[in-house]
Amino acid sequence: MTPQTVPDAQFHTRVKAEDGAFDWQVLDSAGIFTGKTVVLFALPGAFTPACSETHLPGYEAAYDSFRELGVDEVYCLSVNDAFVMNQWARSLGIEKVVMLPDGNGGFTRKMGMLVERTAQGMG
């Protein structure tokens with residue numbers, strides 16, 4: 001498998017602090033991907049039926065198997081904000097997969113994967 005370079009982008013996330021509060025944390029592509037083996041999967045939207053019932057829970061279930069294969073981290077990316085991504089993970093009991101919000105679609109756009117779903121009312 002040939003390593004691929006991902007575009008430079010920032011991800012505005014909310015991370016649970018020791019006191020239980022959520023703090024803002026800005027991650028960037030270099031910090032997430034450089035020198036690491038990661039699984040990054042992208043889903044069209046939080047709380048969508050197939051994504052919530054099968055896709056995201058499936059990666060959570062496979063997390064330990066990925067780690068055994070030498071994967072450093074598993075990320076779920078969606079064009080949603082950090083608040084929505086956190087609530088989605090909480091509603092499904094996601095604890096291992098890291099939720100990566102691409103609220104403005106910047107990373108998705110740079111990857112050439114931003115799609116228009118205006119006809120479905122989804123932007």
Side-chain angles (χ1 to χ4, degrees):
M1 181 183 339
T2 304
Q4 296 179 348
T5 302
V6 296
D8 184 35
Q10 290 188 332
F11 304 92
H12 298 268
T13 65
R14 301 280 288 167
V15 178
K16 195 171 196 176
E18 289 183 27
D19 64 1
F22 282 88
D23 295 325
W24 283 106
Q25 183 178 26
V26 179
L27 305 176
D28 63 17
S29 297
I32 293 170
F33 301 108
T34 302
K36 300 175 188 169
T37 300
V38 303
V39 170
L40 171 68
F41 65 100
L43 299 174
F47 296 103
T48 56
C51 298
S52 295
E53 295 166 9
T54 306
H55 302 142
L56 181 51
Y59 280 92
E60 179 79 2
Y63 181 88
D64 292 332
S65 296
F66 285 124
R67 297 283 295 164
E68 289 172 10
L69 293 171
V71 169
D72 295 306
E73 197 60 77
V74 179
Y75 294 94
C76 173
L77 179 117
S78 189
V79 181
N80 292 110
D81 63 51
F83 299 105
V84 170
M85 295 294 280
N86 282 349
Q87 289 303 315
W88 188 25
R90 176 188 271 176
S91 75
L92 297 174
I94 302 300
E95 297 180 359
K96 298 175 182 179
V97 171
V98 177
M99 305 301 277
L100 197 58
D102 189 19
N104 295 324
F107 181 81
T108 303
R109 183 178 296 105
K110 290 177 182 179
M111 289 289 292
M113 300 187 80
L114 195 62
V115 296
E116 179 165 329
R117 302 288 302 264
T118 305
Q120 293 84 16
M122 298 171 67

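Along the sequence shown, residues carry numbers from 1.
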Quick one: does any side-chain atom of N80 pair with a main-chain N or O of A46 as donor and acceptor, under 3.5 Å? yes

Hydrophobic clustering (ILVMFWY, side-chain heavy atoms < 4.5 Å, transitive) - are V98 and L40 grouped together? yes

Under 6.0 Å from the CG atom of N104, do we count more than 12 heavy atoms belonging to anything else shown? no

Tell me whether I94 is reachable from Y59 by hopping between hydrophobic residues (I, L, V, M, F, W, Y) whose side-chain heavy atoms are closer than 4.5 Å. yes

Option from D8, D102, I32 for which side-chain contact (heavy atoms from CB on, under 4.5 Å) with F107 holds: D102

Over all atoms of both residues, closest heavy-atom pair of N86 and R14: ND2-CB, 3.1 Å

Please walk me through it: do E73 and Y63 pass side-chain hydrogen bond (donor to acceptor under 3.5 Å, both in side chains)? CA-CA 8 Å; E73 197 60 77; Y63 181 88; 3.1 Å; yes

Return yes if some donor-acceptor pair links the side-chain N/O of T37 with the main-chain N/O of D72 below 3.5 Å, else return no. no

Below 6.0 angstrom between ring centroids: does that apply to W24 and F11? no

Could you pull out the closest heavy-atom pair between P101 and A82, with the gap in Å? CB-N, 3.6 Å

Salt bridge or not for K96 and D64, using N-O below 4.0 Å? yes

Distance, nearest 0.5 Å, that separates CE of M99 from CD of Q87: 11.0 Å

Centroid separation under 6.0 Å, is that true for the rings of Y75 and F41? no

Same cluster or not: F47 versus L92, using hydrophobic residues (I, L, V, M, F, W, Y) connected whenever any side-chain heavy atoms lie under 4.5 Å apart? yes

Do you reckon V39 sits in the same ILVMFWY cluster as W88, going by side-chain contacts under 4.5 Å, direct or chained? yes

For the pair E60 (side chain) and E95 (backbone), establish whether a donor and an acceptor sit closer than 3.5 Å, ignoring hydrogens and angles. yes

If you take all heavy atoms of L43 and C76, which pair is closest and at what distance? CD1-SG, 3.9 Å

How many angstroms lie between CD in E53 and OG1 in T48, if you round to the nearest 0.5 Å? 9.0 Å

Would L27 and L100 count as a side chain to side chain contact (heavy atoms under 4.5 Å, CB included) if you check the C-alpha gap in whole Å, the side-chain angles of each, and the deciding distance to 0.1 Å? CA-CA 9 Å; L27 305 176; L100 197 58; 4.2 Å; yes

Shared hydrophobic cluster for V38 and V97 (ILVMFWY, side-chain gaps under 4.5 Å): no

Closest heavy-atom pair, S29 versus P7, reported as atoms and distance to 0.1 Å, is OG-O, 2.6 Å

In terms of heavy-atom contacts, K36 and G31 come closest through NZ-O, 2.5 Å

How long is the straight-line distance from CE of M85 back to CG of L56, given to the nearest 0.5 Å? 8.0 Å

